[in-house]
Amino acid sequence: VKTCKNPEINRDVLEEMVLERLCSSLFDPRVIPSLLERYNRYVAEKSDSARNTAETLRTELQSVERKIKNTVNLMVDIGSSALKDKLLELEKSKEQLSYELKQALVAESTARITEKQLVNLFRKAEQELRHGTLTNRRKIIDQYVKKVVVYPDRVEVVLNFVEGFEVKEVLEKKRES
């Protein structure tokens with residue numbers, strides 16, 4: 001059985017250290033240009049993917065609409081119940097494709113954000129972190145703090161801003177007497 005040999009540290013002190021480091025690192029104006037560039041690159045990639053999906057869905061939708069038209073023409077001439085079932089199937093397919101196309105168009109139009117917008121979002125998040133409800137503070141911490149490691153002489157806080165963009169902060173541990 002392994003036991004921790006680290007000296008005790010007051011939980012409130014540790015939480016306050018982590019919150020302070022999160023605020024000073026996450027809301028540091030120097031990280032905004034890098035975050036903005038990464039976010040906008042991510043949005044552009046998603047937009048390209050959504051654009052391709054939308055084009056594929058448009059083609060499929062046009063094909064289904066042609067099949068519906070042909071089936072209706074056959075029904076007028078023949079009046080088969082099998083054709084009626086096929087028409088219902090095609091109408092459901094058209095409805096589903098139309099819905100998916102709308103979703104893809106929304107994803108395609110996801111806008112890039114400006115530095116000013118990002119700064120405003122960060123200010124709101126910082127205020128929520130510093131003065132918000134416990135639930136909202138926890139959400140922000142869960143989103144941006146990857147892990148906290150306590151060593152005898154220091155505390156390491158690994159922050160996760162954007163996927164693949166981590167910052168490790170080393171804090172000197174305050175000892176409680």
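The structure displayed is predicted, hence computed values, not measured ones. Below, all heavy atoms of this structure are taken into account, side chains as well, without hydrogens, waters or symmetry copies.
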Trainee: So which atom in Ala125 and which in Ile140 form the shortest heavy-atom distance, rounded to 0.1 Å?
Mentor: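 Reported closest heavy-atom pair: O-CD1, 3.6 Å.
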Trainee: Would you say Ser63's side chain and Thr59's backbone share a donor-acceptor pair under 3.5 angstrom?
Mentor: no
Trainee: Check whether any side-chain heavy atom of Arg137 sits under 4.5 Å from a side-chain heavy atom of Leu19, and report yes or no.
Mentor: yes
Trainee: Between Val149 and Val157, is any pair of side-chain heavy atoms under 4.5 Å apart?
Mentor: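 Side chain of Val149 against side chain of Val157, heavy atoms only: no contact under 4.5 Å found.
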Trainee: Do Lys86 and Leu90 come within less than 4.5 Å of each other through their side chains, counting heavy atoms only?
Mentor: yes
Trainee: Testing the basics here: between Leu101 and Leu61, what is the closest heavy-atom pair and its distance to 0.1 Å?
Mentor: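 The pair with the smallest heavy-atom distance is CD2-CD2, 4.1 Å.
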Trainee: What I'd like to find out is whether the side chain of Lys139 reaches to under 4.5 Å of the side chain of Gln143, using heavy atoms alone.
Mentor: no
Trainee: Flag the pair Leu87 / Leu83 as yes when at least one side-chain heavy-atom distance between them is below 4.5 Å, and no otherwise.
Mentor: no
Trainee: For Glu95, look at atom CD and say whether over 12 heavy atoms of other residues, nucleotides or ligands are found less than 6.0 Å away.
Mentor: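 Result for CD/Glu95: open.
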Trainee: Kindly give the heavy-atom pair with the smallest separation between Ala104 and Ala50, and that separation in Å.
Mentor: O-CB, 3.6 Å
Trainee: Can you measure from CD (Glu91) to CD1 (Ile68) and round to the nearest 0.5 angstrom?
Mentor: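 Interatomic distance, Glu91 CD to Ile68 CD1, rounded to 0.5 Å: 4.0 Å.
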Trainee: May I ask you to check whether over 12 heavy atoms, not counting those of Arg58, lie within 6.0 Å of atom CZ?
Mentor: yes
Trainee: Can you tell me how far OG of Ser81 sits from CE of Met75, rounded to the nearest 0.5 angstrom?
Mentor: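 Taking CE in Met75 and OG in Ser81, the distance rounds to 9.0 Å.
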Trainee: With distance as the sole criterion, is a donor-acceptor pair present between the side chains of Tyr99 and Gln103 under 3.5 Å?
Mentor: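 Tyr99 vs Gln103: donor-acceptor pair found between side chains.
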Trainee: Between OG1 of Thr56 and CD of Glu100, what distance do you get to the nearest 0.5 Å?
Mentor: 11.0 Å
Trainee: How about Ser47 and Arg51: does a side-chain donor come under 3.5 Å of a side-chain acceptor?
Mentor: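 There is such a pair (donor and acceptor under 3.5 Å, judged by atom type) between the side chains of Ser47 and Arg51.
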Trainee: Rounded to the nearest 0.5 Å, what separation is found between the CG atom of Asn52 and the CD atom of Glu55?
Mentor: 8.5 Å
Trainee: Show your reasoning for whether side chain to side chain contact (heavy atoms under 4.5 Å, CB included) applies to Leu129 and Ile141.
Mentor: CA-CA 8 Å; Leu129 186 61; Ile141 290 167; 4.1 Å; yes
Trainee: Could you grab the distance from atom NZ of Lys84 to atom OG1 of Thr71, nearest 0.5 Å is fine?
Mentor: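 Rounded to the nearest 0.5 Å, the NZ-OG1 separation comes out at 14.0 Å.
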Trainee: Should Glu15 and Asp12 count as side-chain neighbours, where that means a heavy-atom distance under 4.5 Å?
Mentor: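 With C-beta onward as the side chain, the pair touches.
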Trainee: Would Leu88 end up clustered with Leu74 when hydrophobic side chains under 4.5 Å apart are linked, directly or stepwise?
Mentor: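 In one cluster: no.
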Trainee: Using 0.5 Å steps for rounding, measure from the CG atom of Leu36 to the CZ atom of Arg41.
Mentor: 11.0 Å
Trainee: Taking the side chain as everything from C-beta on, heavy atoms only, tell me whether Glu45 gets closer than 4.5 Å to Ser49.
Mentor: no
